[in-house]
Amino acid sequence: MRISPLRFLKKKLIPIAAALLLGLVGYFGGETAALAGPTHPTVMASLFSFSGQRPDNLGVHDGHLSDCPDSPNCVSSESRDAAHYIEPFTYSASGEEALTQIEGVLENMDNATIVTADDHYIDAEFTSAIMGFVDDVEFYLDEEAGVIQVRSASRLGESDLGVNRDRIETIRTVLLNL
């Protein structure tokens, strides 16, 4: 479904601009503060938070991570199509050690929050600095295959401009240099 530029302006940009203007006027002491509601800077920042809803398909299901949607904003080592496929992580020590190393890398990344971590699975959220977009990143120790399966997907939007693929490859590079 395509949205015309005029409809986009009416439905999305004008209300956001109006809310921002009212909030700024209220923040700087203008008379419209009552109309704007709370104008603390964190409330203002939340106008631009596009976190989306946490997906209900995260986790390991029958020994596999969820498939990527049709949109190009997801990569998975278990994907069957080239557009979404990314190599799984390999390890030389134990799988549990490899997951512990991944967890350490994630803890040192500014925009990452680990939601769940155990001996076989890590679920993390990455939040973009400016607009607050959230990507869900999963690592699963697939002992049967001898690899760590990975999936990284944006919650919102169509394209991620390659961010999910770049993130996974960055984590892979950091791990290789440990």
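For the residue pair H84 and S79, the shortest heavy atom distance occurs at CB-OG, 3.2 Å. Residue A112 comes nearest to L106 through the heavy atom pair CB-O, 3.6 Å, listed as atom of the first residue, atom of the second, then distance. The minimum heavy-atom distance linking S66 with H61 is given by the pair OG-CD2, 3.7 Å. For the residue pair A153 and C74, the shortest heavy atom distance occurs at CB-SG, 3.6 Å. In this structure, A83 and R165 approach most closely via the heavy-atom pair O-NH2, 3.0 Å. Here the shortest heavy-atom pairing between N73 and S159 reads CB-C, 4.1 Å.
I86 has its side chain within reach of E169: a pair of non-hydrogen atoms, C-beta onward, lies under 4.5 Å apart. Using a 4.5 Å heavy-atom cutoff, the side chains of I114 and E107 are in contact. Within the 4.5 Å cutoff, the side chain of E97 has no heavy atoms near those of the Y91 side chain. By the 4.5 Å heavy-atom criterion applied to side chains, D136 and R155 are counted as neighbours. Counting only heavy atoms from C-beta outward, the side chains of I171 and M109 approach each other to under 4.5 Å. In this structure the side chain of V115 reaches within 4.5 angstrom of the side chain of E125, judged on heavy atoms.
Linking Ile, Leu, Val, Met, Phe, Trp and Tyr whenever their side-chain heavy atoms come within less than 4.5 Å puts V137 and V105 in one cluster. One hydrophobic cluster holds both I148 and F126 under the rule that ILVMFWY side chains link at heavy-atom gaps under 4.5 Å. Hydrophobic cluster membership differs between I130 and V163, with clusters built from Ile, Leu, Val, Met, Phe, Trp and Tyr side chains linked at under 4.5 angstrom. One hydrophobic cluster, built from ILVMFWY side chains closer than 4.5 Å, cannot hold both L65 and L141; they sit in different ones. With hydrophobic clusters built from ILVMFWY side chains whose heavy atoms lie under 4.5 angstrom apart, I102 does not share a cluster with L176.
Between F89 and F139, the distance separating the two ring centers is shorter than 6.0 angstrom.
With sequence neighbours excluded, the residues forming a salt bridge (Lys or Arg N to Asp or Glu O under 4.0 Å) with R167 are D135, listed by chain and number. D123 meets the salt bridge (Lys or Arg N to Asp or Glu O under 4.0 Å) test with R54; sequence neighbours excluded. A search for ring-ring contact (aromatic ring centres under 6.0 Å, His included) contacts involving Y140 returns nothing, not counting sequence neighbours.
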| field | Candidate pair Q149 and S77, rule side-chain hydrogen bond (donor to acceptor under 3.5 Å, both in side chains), full reasoning | value | CA-CA 6 Å; Q149 303 291 356; S77 58; 2.6 Å; yes
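Taken to the nearest 0.5 Å, the CZ atom of R172 stands 9.0 Å off from the CG atom of L175. With rounding to the nearest 0.5 Å, the separation of OG in S94 from CD in E96 is 5.0 Å. One distance of note links CD1 of I122 with CD of E138; it measures 11.0 Å at 0.5 Å rounding. Summarising the geometry, atom CD1 belonging to I168 is positioned 11.0 Å from atom CZ belonging to R151; distances are rounded to the nearest 0.5 Å.
For D62, the CG atom is loosely surrounded, since the number of other residues' heavy atoms within 6.0 Å does not exceed 12. Within 6.0 Å of CG on D110 lie no more than 12 heavy atoms contributed by other residues, nucleotides or ligands. The environment of CG in D118 is crowded: more than 12 heavy-atom neighbours from other residues, nucleotides or ligands sit within 6.0 Å.
At a cut-off of 3.5 Å, with distance as the only test, a side-chain donor of N164 or S154 sits close to an acceptor on the other residue.
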